[in-house]
Amino acid sequence: MQRPEPQEFARVLSSMCTEPHPAARAAAERYLATNPGDPGTYGAVADLEREAVEMLGAVTRLDDPTGYVTSGGTEANIQAIRIARNRKRDVVDRPNVVVPDHAHFSFTKAADLLSVDIRRAPLDEDYRADPEAMTALVDGDTVGVVAVAGSTEYGRVDPVPALADLAHDSDALLHVDAAWGGFALPFTDHAWDFADAPVDTMTIDPHKLGQAAVPAGGLLARAPALFDTLAVDTPYLESTSQVTLTGTRSGAGVASAVAAMEALWPDGYRAEYERAQDLAEWFADELRDRGYDVVDPTLPLVAVDVPTDTVEALREAGWRLSKTGAGEARVVVMPHVTRGMLRAVLADLDRLG
Ligand SMILES: *Cc1c(COP(=O)(O)O)cnc(C)c1O
């Protein structure tokens, strides 16, 4: 039977994933039949995972990082909330986590799975977390506070140092979700990483701006002891305990993450960030010149208020475009997004809008 070809990236505008770097593609194939979940048997990929964590530490400025390569940002966020909850298991009955309203829907899954309440605080007028609004929701049962560094809808970066203070004043953990933004932020002047603030845990996904193959997410912790709260015994493996959520895991993801980071950190990621940010700002200007309302791209992500009918017409024309909760079209300027593509979508917009 003839199988369909996978989609091409030529009209993909809203995805946070992209074509893997060629070295990442080759490494994924080479390590396809490995399982970092069983390090006693698959030693080579287990070594590679340690390298991946070291490199993620370099990107996020954390010396001696602890962590692992997850299936994605969702698993990393679930595990971070699990760490925060388990750490206070003996002292808190009805744990809650305080998040800014733009926190990714994976936190809703985490809350449901872990029986933790999620308290969502309204954003400030620039779509960033508002520390005052979050303070109002923190109480003695708060086990964690979340900051987003590169929000899914508008690419905003929350005031991480202020939220770290808020968390620690209540003996809660501060988790930073940099799933998407983590490989762009080192080249900006935002305060977001482990060196900027006493961040406890962080999500950063190689399979988004890191240009690794899917699945390759990342969870890092400042203190190794934080992972102890997740350990379960593993009687039939050579290793004796496991902190990951899934058992068998993708060695392809691990190997591709290492290959991508070796190829691109830091100069390749810097060049890509600069290219994408210039392009996002140019695109935002072009849209404004046409009279559309645009949310300023602080990272390479443009949200634009285009009528629903027009977005539908663009989709019909083959553009892969999604909308924010408020109804703006989102264009994520990933490595596969070129000026030629954006010129073409502008031409279609002029024709259909
Ligand atoms: C994409 C994203 C996630 C979820 O990551 P998956 O890899 O899709 O599971 C979580 N948080 C943020 C900010 C994201 O952009």
Side-chain angles (χ1 to χ4, degrees), residues 12-18 20 24 28 52 56 59-60 67-82 84 97 99-113 118 120 123 127-129 144-158 160 163 174-185 188 190 192-193 199 201-220 244-246 249-250 252-254 256-257 260 273 276 280 295 297-303 320 322-325 330-335:
V12 173
L13 295 178
S14 284
S15 180
M16 292 189 145
C17 293
T18 191
L56 287 171
V59 176
T60 60
Y68 74 96
V69 177
T70 64
S71 57
T74 299
E75 179 185 340
N77 286 340
I78 290 169
Q79 290 279 79
I81 300 305
R82 193 170 153 225
V97 172
V99 309
D101 197 37
H102 59 186
H104 187 263
F105 54 79
S106 49
F107 291 101
T108 309
K109 299 180 185 176
D112 186 33
L113 283 164
I118 288 283
R120 289 184 179 267
L123 304 179
Y127 309 105
R128 302 184 337 144
V145 172
V146 170
V148 183
S151 61
T152 314
E153 292 201 321
Y154 301 123
R156 289 300 190 260
V157 183
D158 291 338
V160 172
L163 298 183
L174 190 275
H175 175 64
V176 171
D177 183 2
W180 174 70
F183 286 90
L185 287 162
T188 68
H190 293 285
W192 69 286
D193 66 22
V199 171
T201 55
M202 187 180 300
T203 294
I204 171 170
D205 284 355
H207 71 199
K208 290 185 171 173
L209 285 171
Q211 300 182 41
V214 178
L219 174 63
L220 297 178
T244 55
L245 187 58
T246 58
R249 293 187 291 129
S250 171
V254 169
S256 75
Y273 162 71
V295 180
T298 54
L299 286 173
L301 194 167
V302 182
R320 308 276 45 97
S322 69
K323 302 189 80 177
T324 66
R330 274 167 82 244
V331 172
V332 188
V333 185
M334 294 299 287

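Atoms within a ligand are numbered from 1 in the order they appear, just like the ligands themselves. Scope of the values below: all heavy atoms of this structure, side chains included, with no hydrogens, waters or symmetry mates.
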Looking only at distances, can you tell me whether any N or O atom of [X], backbone or side chain, sits closer than 3.5 Å to an N or O atom of ligand 1?
X      : result
Lys208 : yes
His207 : yes
Asp177 : yes
Gly73  : yes

Which atoms of ligand 1 are found less than 4.0 Å from any heavy atom of [X]?
X      : answer
Ala179 : 2 (C), 3 (C), 10 (C), 11 (N), 12 (C), 14 (C)
Asp205 : 5 (O), 7 (O)
Thr74  : 4 (C), 5 (O), 6 (P), 9 (O)
Thr152 : 12 (C), 13 (C), 14 (C), 15 (O)
Met16  : 15 (O)
Gly72  : 7 (O), 9 (O)

(message) For a quick test of reading the model, state the closest non-hydrogen atom pair linking Ala80 to Thr201 and the distance between them.
(response)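 Closest pair (atom of Ala80, atom of Thr201, distance): CB-OG1, 3.8 Å.
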(request) Under the side-chain hydrogen bond (donor to acceptor under 3.5 Å, both in side chains) rule, what do Arg330 and Ser322 come out as? Steps first, then yes or no, please. (result) CA-CA 6 Å; Arg330 274 167 82 244; Ser322 69; 3.0 Å; yes
(request) Could you walk me through whether Arg249 and Ser71 pass the side-chain hydrogen bond (donor to acceptor under 3.5 Å, both in side chains) test, one step at a time? (result) CA-CA 8 Å; Arg249 293 187 291 129; Ser71 57; over 6 Å; no
(request) Starting from atom 4 (C) of ligand 1, find the nearest protein heavy-atom neighbour and note its residue, name and distance. (result)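 Its nearest protein heavy-atom neighbour is His104 CE1, 3.3 Å.
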(request) Please answer whether the main-chain N or O of His102 pairs with a side-chain N or O of Glu153 as donor and acceptor at a distance below 3.5 Å. (result)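 Checking the backbone N and O of His102 against the side chain of Glu153, no donor-acceptor pair under 3.5 Å is found.
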(message) So does Ala129 get a backbone contact from the side chain of Asp158, meaning a donor-acceptor N/O pair under 3.5 Å?
(response)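 Yes, Asp158 side chain to Ala129 backbone: donor-acceptor pair under 3.5 Å.
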(message) Does Thr298 form a side-chain contact (heavy atoms from CB on, under 4.5 Å) with Arg156? I'd like the steps, not just the answer.
(response) CA-CA 7 Å; Thr298 54; Arg156 289 300 190 260; 3.2 Å; yes
(request) Determine the interplanar angle of the His175 and Phe107 rings, folded into 0 to 90°, and report it as parallel if under 30°, tilted if 30 to 60°, perpendicular if over 60°. (result)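 Perpendicular.
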(request) Have a look at ligand 1 and work out which part of Asn77, if any, has a heavy atom under 4.0 Å from it: side chain, backbone, both or neither. (result)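 Asn77 to ligand 1: side-chain contact only, backbone stays beyond 4.0 Å.
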(message) Within the 4.5 Å heavy-atom criterion, are Tyr273 and Leu299 side-chain neighbours or not?
(response)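 They are in side-chain contact.
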